[in-house]
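For the numbers below, each heavy atom of this structure counts, side chains included, while hydrogens, waters and symmetry mates do not. Here is how names work: the chains are called A, B, and so on, in the same order as the sequence lines, proteins then strands, and each is numbered from 1.
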Amino acid sequence: MLDLKNIRKNPKEVRKNLARRKDKVLLERFDNLLKKDEQHRKILWKVEHLRHKRNEKSLLINKLKKEKKNFKKAISEVQKTVKNLEKEELKLEKSDKEMNILLMRIPNLIDECVPYGEGDKDNVEIRKVGQKPKFSFKPKNHFELLENLNLIDSERANKVSGHGFFYLKGDLALLDFSLQKFAIDFLSEKGYIIVEPPLMLRKKPYEGVTDLDDFENVMYKIEDDDLYLIATSEHPMASYYMDEILNAKELPIKFCGISSCFRREVGSHGKYTKGLFRMHQFNKIEQFIFCKPEDSLKLHEELQNNCEQLYKKLRIPYRVVDVCTGDLGIIAAKKYDTEMLMADGKYREVGSNSNCTDYQARRLNIRYREGEGKPIKGFVHTLNNTAIATSRTIIAIIENYQNKDGSITIPKVLQPYMNGKKKILKQKVI
RNA sequence: GCCGAGGUCGCAUAGUCUGGUAUUGCGCAGGAUUGCUAAUCCUGUUCCUUUGGAAGCGUGGGUUCAAAUCCCACUCUCGGCGCCA
């Protein structure tokens with residue numbers, strides 16, 4: 001959510017920033033917001049005026065009552081005002097709701113250096129790291145490899161849970177755990193606090209952390225309860241401090257979240273869906289930071305550096321792209337995507353690093369002050385980046401580390417986590 | 001799940017029975033005073049179209065000219081009991 005006061009103060013500047021997205025509908029929406037705000041304040045003034053009239057009369061009634069004078073006439077007089085007020089208050093309530101929805105749908109102001117583009121095709125490559133592996137044979141897709149090794153069962157998962165679910169078995173399940181522990185150890189050493197959050201959240205925190213459209217397309221709702229399965233641990237970590245005031249002396253606060261993630265993935269059929277790339281449920285180690293506004297740019301780079309170090313240690317070729325205006329989404333002011341090289345020679349997203357500035361914090365009402373007893377200074381900045389999403393990283397490992405006989409070499413850094421095993425071989429059928 | 005107590009502005013606290021300007025202290029900001037500091041005093045500390053208004057007492061309804069206060073529902077926290085991997 002943007003600061004309405006700032007919009008009122010600098011409507012032209014805000015409009016200019018939004019215009020960089022080259023989205024006509026958005027600009028119309030923004031102009032509509034400005035118009036609505038003007039109307040809204042008129043209604044507000046009217047309501048307050050009527051309330052004033054009523055309050056004055058109320059005081060008079062009280063005075064007459066105390067003086068044991070007749071107050072019946074005053075009451076019948078004020079009733080007209082009250083009726084009128086009720087009408088205007090309904091208008092105000094409606095206008096207030098409309099304003100809120102409009103404001104919630106205005107995206108974050110984008111950082112100056114974000115490149116312009118219409119979609120993910122226009123993202124700008126910043127760097128490419130690692131060598132493309134050379135195979136003396138035609139490399140296979142991870143799903144085929146995993147099926148041949150008896151490490152995955154999608155048919156039985158489909159039978160019991162439907163499309164998009166899998167049983168990971170044997171060394172594949174172990175590889176998943178190993179990747180998580182590898183990332184946890186790395187971040188823990190850097191001082192990130194390990195957090196295992198709730199896997200379900202109420203609607204209120206959810207409205208704070210994400211775009212409203214996500215409710216239909218992404219989130220699973222728990223029937224009979226006001227609860228949603230989390231789509232990423234970013235969400236429970238961001239809402240951890242909801243409605244709280246942090247002490248700047250404690251900032252930045254760095255979290256390393258561990259969780260399964262649940263996504264409905266509505267409308268993403270046909271987009272490279274075979275196998276582990278798009279699952280309804282996967283595991284992710286996530287980095288999350290609360291910080292002072294002046295530190296967020298620098299920490300955004302730190303988060304980026306962290307995940308790149310992990311990928312370098314795993315020796316998987318990757319590239320980093322600067323996400324363009326059209327692919328940025330609503331919450332982030334600036335975003336880097338990290339993409340790993342897959343067997344078909346294409347780079348695919350494995351992690352996403354967002355600087356949300358104060359947009360999320362304003363929605364969640366997370367403020368800070370310079371010290372105990374000092375006045376509230378403003379909203380904190382929040383940032384999040386994937387450390388390792390196991391499923392997608394597993395794809396990259398399987399496809400980049402495959403051998404001619406169909407076995408998979410385990411990356412050196414993961415071998416200690418895999419009981420010293422160096423290779424994944426065909427498992428017994430079960 | 002049951003019983004009990006509670007939720008008041010940044011923090012603490014009074015008011016709730018018996019409806020009538022939300023009290024007081026602390027913190028913070030600005031000003032006055034003062035060799036400096038401290039103390040003291042004044043104003044402010046949410047929103048608005050600011051010589052003035054309005055709102056705000058966990059949330060949402062209701063009753064009323066008027067609700068922190070009365071009624072209903074919900075929610076969270078704490079304590080006790082029950083169930084439980």
Rounded distance (nearest 0.5 Å) linking atom CG of A/Asn305 with atom NZ of A/Lys190
6.5 Å
Counting only heavy atoms from other residues, nucleotides and ligands, does the tally under 6.0 Å from NZ of A/Lys169 exceed 12?
yes
According to the Watson-Crick and G-U wobble definitions, with both distances under 3.5 Å, which nucleotide is paired to [N]?
N	answer
B/rG25	B/rC11
B/rU49	none
B/rC57	none
B/rU34	none
B/rG19	none
B/rG79	B/rC3

Which whole number of Å gives the distance between the [atom1] atom of [N] and that of [M]?
N	M	atom1	answer
B/rG52	B/rA5	C1'	43 Å
B/rU45	B/rG53	P	15 Å
B/rA55	B/rU46	C1'	8 Å
B/rU8	B/rG60	P	16 Å
B/rC9	B/rC57	P	10 Å
B/rC74	B/rU23	P	33 Å
B/rG27	B/rG82	P	47 Å
B/rA54	B/rG58	C1'	22 Å

Does A/Lys5 reach a base, just sugar-phosphate, or nothing at all? Heavy atoms under 4.0 Å.
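Touches sugar-phosphate only.
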For A/Lys65, which contact category applies under a 4.0 Å heavy-atom criterion: base, sugar-phosphate, or nothing?
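Base, at least one base atom sits under 4.0 Å.
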To the nearest Å, give me how far apart [atom1] ([X]) and [atom2] ([N]) are.
X	N	atom1	atom2	value
A/Leu44	B/rA55	CG	P	10 Å
A/Ile61	B/rU21	CD1	P	13 Å
A/Leu50	B/rU49	CG	C1'	16 Å
A/Leu85	B/rA54	CG	P	11 Å
A/His49	B/rU50	NE2	P	15 Å
A/Arg202	B/rC76	CZ	C1'	7 Å
A/Leu4	B/rC48	CG	C1'	12 Å
A/Leu59	B/rA66	CG	C1'	9 Å

Please evaluate residues A/His235 and A/Tyr206 with respect to the criterion ring-ring contact (aromatic ring centres under 6.0 Å, His included), reporting the C-alpha separation (whole Å), side-chain torsions for both, the decisive distance (0.1 Å), and the verdict.
CA-CA 7 Å; A/His235 299 156; A/Tyr206 241 119; 4.9 Å; yes
5' precedence on RNA chain B between A/Arg369 and A/Ile75 (nearest-nucleotide basis)
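By nearest-heavy-atom nucleotide position, the 5'-most residue is A/Arg369.
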Would you please test A/Tyr167 and A/Phe165 for ring-ring contact (aromatic ring centres under 6.0 Å, His included) and show each step?
CA-CA 7 Å; A/Tyr167 284 96; A/Phe165 292 96; 9.9 Å; no
Any side-chain N or O of A/Arg54 less than 4.0 Å from the OP1 or OP2 oxygen of B/rU64?
no
Would one find a side-chain N or O of A/Asn55 under 4.0 angstrom from OP1 or OP2 of B/rG53?
no
Out of B/rG20, B/rU49, B/rA54, which nucleotide sits closest to the side chain of A/Ser58?
B/rG20
Give the nucleotide from the list B/rC65, B/rG10, B/rU49 with an atom nearest to the side chain of A/Arg41.
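Of the options given, the side chain of A/Arg41 lies nearest B/rU49.
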Evaluate the ring planes of A/Tyr241 and A/Phe255, with Trp represented by its six-membered ring, and classify them as parallel (under 30°), tilted (30 to 60°) or perpendicular (over 60°).
parallel
Within 45° cone of A/Tyr228 ring axis and under 6.0 Å: A/Lys221 NZ or CZ
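Yes; both conditions hold, so A/Lys221 lies above the ring face of A/Tyr228.
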May I ask you to decide whether A/Arg51 forms a salt bridge with A/Glu89, counting only side-chain N to carboxylate O separations under 4.0 Å?
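Counted as a salt bridge, because a side-chain N and a carboxylate O are separated by less than 4.0 Å.
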